[in-house]
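FYI, side chains are in, hydrogens and waters are out, and symmetry mates aren't considered; it's all heavy atoms of this structure.
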Amino acid sequence: MQPNKNFRNNGAIGALFDEYEKSIKELIKTISDIPPHKLVEIRDINTNDEDCKSIQNILTHVVQSGYTYAIEVRRWLGEKIDYKNKKKLLTANEYKWALQEMFAFNEKLFIDYPNLKLCENNPDKKIKVRWGQCYDVEQLFEHAIVHILRHRRQIEKFKINHSPNNQ
């Protein structure tokens, strides 16, 4: 247990964002020692998913997806906001900053909408995201957290298995 751990005090939203931030910190720690040449190295030659071929592709996907979650909610709330384009970065440090900025963008959603309802049981009032699933706000942010955890695990496996295609 960490001494003097700070927790957000805004109930379920605070819990979600404490865990979201924790997942991002774990990802940042995982990538912190990856040199630029290893970042771009093709690690999975068999996948048809371009987002999963290299650590750079994975991180680019994670950052862009992280923005998408908040943008989906903002669009559902009626905002006219465009999705972020993917932007490949060249170093782990650049991804660290991009992940932190993405997280701040997500936090700002709840600053802008402090009374945003997390849970919605009515299927007609759920958010239909661009990949076809329907979520309420809580489910979407739970997905965001697990998305980071899954890709952190994938990168950890890439780091252990040093040769491409050795999954």
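Between V63 and M102, the closest heavy-atom pair is O-CG, 3.6 Å. What you find for F158 and D44 is that their closest heavy atoms are CZ-CB, 4.1 Å. The shortest heavy-atom contact between I71 and D82 is CD1-O, 3.5 Å. T30 and D33 make their closest contact through O-OD1, 3.5 Å (heavy atoms, listed as atom of the first residue, atom of the second, distance). Summarising the geometry of I55 relative to K38, their closest heavy-atom pair is CD1-O, 4.3 Å, with the distance given to 0.1 Å. Taking all atoms of both residues into account, the shortest heavy-atom contact from V40 to S54 is O-CB, 3.8 Å.
Between Y20 and F17, the angle of the ring planes lies from 30° to 60°, which puts this pair in the tilted group. F110 and F141 have perpendicular rings, their planes meeting at more than 60° on a 0 to 90° scale where under 30° would count as parallel.
Atom CD of E21 is separated from atom CD1 of I28 by 9.0 Å, given to the nearest 0.5 angstrom. For the atom pair S65 OG and K84 NZ, the distance stands at 14.0 Å (nearest 0.5 Å). Remark: R74 CZ to L116 CG distance equals 9.5 Å, nearest 0.5 Å. Expressed to the nearest 0.5 Å, how far CD of Q139 lies from CG of L118 amounts to 10.5 Å. Distance check, rounded to the nearest 0.5 Å: CG of D51 to NZ of K86 gives 3.0 Å. Atom NZ in K25 sits 13.0 Å away from atom CD1 in I148 (nearest 0.5 Å).
Between I155 and K159 there is a side-chain heavy-atom pair separated by less than 4.5 Å. Contact check for L149 versus S23: side-chain heavy atoms found under the 4.5 Å cut-off. Counting heavy atoms from C-beta on, the side chains of E94 and K87 never come closer than 4.5 Å. Counting heavy atoms from C-beta on, the side chains of H37 and E41 never come closer than 4.5 Å. Annotation: side chain of I145 is in contact with side chain of L16 (closest heavy-atom distance under 4.5 Å). Considering only heavy atoms from C-beta on, Q154 comes within 4.5 Å of H151 through its side chain. With contacts defined as side-chain heavy-atom distances shorter than 4.5 Å, the pair V137/W76 qualifies. The shortest side-chain heavy-atom distance between E26 and E156 does not fall under the 4.5 Å cut-off.
Other residues, nucleotides and ligands place more than 12 heavy atoms under 6.0 Å from the CG atom of N122. Residue-environment remark: CG (N48) stays at or below the threshold of 12 foreign heavy atoms within 6.0 Å.
Using a cut-off of 4.0 Å between Lys/Arg side-chain N and Asp/Glu carboxylate O, K125 and E120 are scored as not salt-bridged.
A side-chain donor-acceptor contact under 3.5 Å links Q56 to the backbone of L89. In terms of modelled atom types and a separation under 3.5 Å, the side chain of E101 and the main chain of A98 share no donor-acceptor contact. Under a 3.5 Å cut-off, the side chain of N106 and the backbone N or O of G66 do form a donor-acceptor pair. Within the 3.5 Å criterion, the main-chain N or O of T47 finds a donor-acceptor partner in the side chain of K53.
In the hydrophobic cluster analysis, where Ile, Leu, Val, Met, Phe, Trp and Tyr join through side-chain heavy atoms closer than 4.5 angstrom, I13 is grouped together with L77. When the side chains of ILVMFWY residues are joined at heavy-atom separations under 4.5 Å, either directly or via intervening members, W97 and L99 end up in two distinct hydrophobic clusters. Tracing side-chain contacts under 4.5 Å through hydrophobic residues (I, L, V, M, F, W, Y), one never reaches V146 starting from I58; they form parts of separate clusters. L90 and V62 end up in different hydrophobic clusters when Ile, Leu, Val, Met, Phe, Trp and Tyr side chains are linked at under 4.5 Å.
For the side chain to side chain donor-acceptor pair (under 3.5 Å) test with Y83, the passing option among R130, Q64, E72 is E72; the others fail.
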Please test L27 against L59 for side chain to side chain contact (heavy atoms under 4.5 Å, CB included), starting from the C-alpha separation and ending with a verdict. CA-CA 9 Å; L27 177 57; L59 292 171; 4.1 Å; yes
Would you please test W131 and T68 for side chain to side chain contact (heavy atoms under 4.5 Å, CB included) and show each step? CA-CA 11 Å; W131 58 95; T68 297; 3.8 Å; yes
Could you walk me through whether N57 and K88 pass side chain to side chain contact (heavy atoms under 4.5 Å, CB included), step by step? CA-CA 7 Å; N57 288 21; K88 286 190 176 184; 3.1 Å; yes
